[in-house]
Protein chains: 2
Amino acid sequence: MMQKSRSSLVNDAYRRLKQEIRSNRLPPGFHGTEPEMAERLGMSRTPLREALVLLEADGLVEMKPRRGIYILPILPQDMKEIYEVLTAIEPEAVASLAARKLPEKELMPLIDATARMEQALEDDDLEAWADADDEFHKELLVLHGNKRLLSIASLLFDQAHRARVITLRMREKPYRSTAEHKTVVEHIIKGEIEEARNVYREHRERAGAELLAILAKYKLQQL
Amino acid sequence: MMQKSRSSLVNDAYRRLKQEIRSNRLPPGFHGTEPEMAERLGMSRTPLREALVLLEADGLVEMKPRRGIYILPILPQDMKEIYEVLTAIEPEAVASLAARKLPEKELMPLIDATARMEQALEDDDLEAWADADDEFHKELLVLHGNKRLLSIASLLFDQAHRARVITLRMREKPYRSTAEHKTVVEHIIKGEIEEARNVYREHRERAGAELLAILAKYKLQQL
DNA sequence: AAATACTTTAATGTATACATTAATATAAAA
DNA sequence: TTTTATATTAATGTATACATTAAAGTATTT
């Protein structure tokens, strides 16, 4: 799921479709048939189906028996579930990273990511901010080293991506969030385990609550 | 991944292979080719491959480009990762269940499961104990209601199953573990959030540590 | 006998073929 | 016109066909 192994066409289809879903070029509710989509991707149905089976397992599409392929929308309930899991997982990862007392050099990916978040804020480039934020969270788990933690979180990030990008434009700019990321890194560097865990947990809880509040406020029942 | 939707043959292959892996009838290190396995299952390669792609995503098998299909072993590192994730996830679920103050009636699946664990101990039936334990953990997350939490934990349980069954025979009987489960249920019933979380977390941490100790003691480098 | 080149085998990755059947369109009946 | 029955269409689920190519086996050379 992460390695380059899988044959080229299946992999191509998987990556391209996932990218198109992330970027909203294939919007939720989109409906297609296998022959259609296979032709669009320039391949036969066989590799396409293998890719679709994976995307379905990822929770991004649904293959309805005789009705075709649907791009799944994200419901508020989905965001609630996703944030709940992330809130359970990530603070633990942060705590155990802090316990490791890594030299600052090794934390560069995190420090870089926060720098890019700050820069993006200055440039007023929300797209770039979201990318940097994504990278921060991903690098954190890469550093942590638990491959399952990383792949679970990546799955959830991918599911939530669209909704996050859209709602980012509906709230005030994420200054606070950016600052919190920096604080977390500080705590990790200083090996302050509980502080790191708590800041991160509060960050996640607040981020989740804010996001759900926005969905409710604008009556966004799906994204 | 959880619904019955997927066409019959793909689903059959998925379930049968998964079951054979769980039960160790297809042991780690087993190697097969697609034509072989397809014939054994009485179907063509097409549905078999779709099932294999899913099993690979589940982390149970590996399809090596020109070498065939391998059943993946469980390494101590895998168990470490799995328990790390479960330790992060389940105590949170328990806490939020406790916070809900459910009537005892709704917690029957959990109470039943602990009863079955006790009965299995009396009968000295470790297989039955493991089943009841599995069910307890699964029911807990069903009650919690977060579908993602459930499917993530199920994935991890499935990955760890073989190793758990094997090591269960190498340690003293799980009286303590059984008692801890009962205690957790008590706390949930009484709505004692922090107590529930802590007992469960300690349970998980101890279970994980014990398991890794057994692997180390018997120099089991893979299961 | 060891090393190299060549041949054969067979597994994968992918395309295509085909039977089944749900969904739609069309025609017949009320 | 509305309803029901029938015919048509076309998408899925699956099997089969086939080109490619890694690996195993054989022959050739040294």
Side-chain angles (χ1 to χ4, degrees), chain A residues 1-21 25-73, chain B residues 1-21 25-73:
Chain A
M1 210 174 189
M2 194 150 276
Q3 64 276 330
K4 54 175 168 286
S5 69
R6 196 123 307 293
S7 75
S8 211
L9 287 189
V10 175
N11 225 330
D12 286 358
Y14 180 76
R15 286 188 202 295
R16 285 180 57 184
L17 289 174
K18 191 160 170 176
Q19 181 50 35
E20 291 185 336
I21 293 168
R25 247 180 306 155
L26 279 182
F30 171 90
H31 167 259
T33 67
E34 292 177 13
E36 250 171 59
M37 295 179 81
E39 183 175 40
R40 207 163 56 80
L41 295 173
M43 63 181 66
S44 79
R45 284 172 55 220
T46 310
L48 169 65
R49 275 183 64 96
E50 290 183 15
L52 286 174
V53 159
L54 285 173
L55 289 167
E56 187 172 43
D58 286 350
L60 296 177
V61 313
E62 182 174 2
M63 298 169 79
K64 285 209 177 178
R66 210 154 278 273
R67 326 206 61 138
I69 292 95
Y70 291 90
I71 306 300
L72 289 178
Chain B
M1 210 172 188
M2 192 148 279
Q3 64 277 330
K4 53 172 168 287
S5 70
R6 196 122 308 293
S7 76
S8 210
L9 287 188
V10 175
N11 225 329
D12 286 358
Y14 179 76
R15 284 188 203 296
R16 285 180 59 184
L17 290 173
K18 192 159 167 177
Q19 181 49 33
E20 291 185 335
I21 294 168
R25 249 179 305 155
L26 279 182
F30 170 90
H31 167 259
T33 66
E34 292 177 12
E36 250 170 60
M37 297 179 80
E39 184 175 39
R40 207 162 57 79
L41 294 173
M43 63 180 68
S44 78
R45 285 173 54 221
T46 311
L48 169 65
R49 277 182 64 96
E50 289 183 16
L52 286 174
V53 158
L54 284 173
L55 289 167
E56 187 172 44
D58 285 349
L60 296 177
V61 313
E62 183 174 3
M63 299 170 80
K64 284 208 180 180
R66 211 155 278 272
R67 324 207 63 138
I69 291 96
Y70 291 89
I71 306 298
L72 289 178

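Naming: A, B, ... by sequence-line order, numbering from 1 per chain. In what follows, every heavy atom counts, from backbone to side chain, and hydrogens, waters and symmetry copies are set aside.
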| query | Rounded to the Å, how far apart are B:Leu52 CG and C:dG13 P? | reply | 11 Å
| said: Can you see if the side chain of B:Thr46 gets near the phosphate of D:dT14 - specifically, an N or O under 4.0 Å from OP1 or OP2? | reply: no
| Starting at CZ of A:Arg45 and ending at C1' of D:dT16, how long is that distance when rounded to a whole Å? | 14 Å
| said: How many whole angstroms separate atom CG of A:Asp12 from atom P of C:dA15? | reply: 11 Å
| query | When rounded to the nearest 0.5 angstrom, what is the spacing between CG in B:Asp58 and NZ in B:Lys18? | reply | 5.0 Å
| query | Are any non-hydrogen side-chain atoms of B:Val53 and A:Leu54 less than 4.5 angstrom apart? | reply | yes
| remark: Atom NZ of A:Lys64 and atom P of C:dA22 are separated, to the nearest Å, by 16 Å
| field | Closest to the A:Ile69 side chain, choosing from D:dT12, D:dA15, D:dC18 | value | D:dT12
| query | For B:Arg40 and B:Leu17, what are the C-alpha separation, side-chain angles and deciding distance, and is it a side chain to side chain contact (heavy atoms under 4.5 Å, CB included)? | reply | CA-CA 11 Å; B:Arg40 207 162 57 79; B:Leu17 290 173; 4.1 Å; yes
| said: Rounded to whole Å, how long is the line connecting atom CE of B:Met43 with atom C1' of D:dG13? | reply: 12 Å
| Phosphate contact (D:dG13 OP1 or OP2) by A:Arg49 side-chain N/O below 4.0 Å | yes
| Point-to-point distance, once rounded to the nearest 0.5 Å, from CZ of B:Arg16 to CE of B:Met43 | 6.5 Å
| said: Does B:Glu39 have more than 12 heavy atoms from other residues, nucleotides or ligands lying within 6.0 Å of its CD? | reply: no
| request: Can you tell me the distance, in whole Å, between the CG atom of A:Leu9 and the P atom of C:dT16? | output: 12 Å
| query | For the atom pair OG1 (A:Thr46) and CZ (B:Arg45), what is the distance rounded to the nearest 0.5 Å? | reply | 10.0 Å
N/O to N/O distances under 3.5 Å, protein versus nucleotides 9-11 of chain C:
| from | atom 1 | to | atom 2 | distance (Å) |
| --- | --- | --- | --- | --- |
| C:dA11 | N3 | B:Arg66 | NH1 | 3.2 |

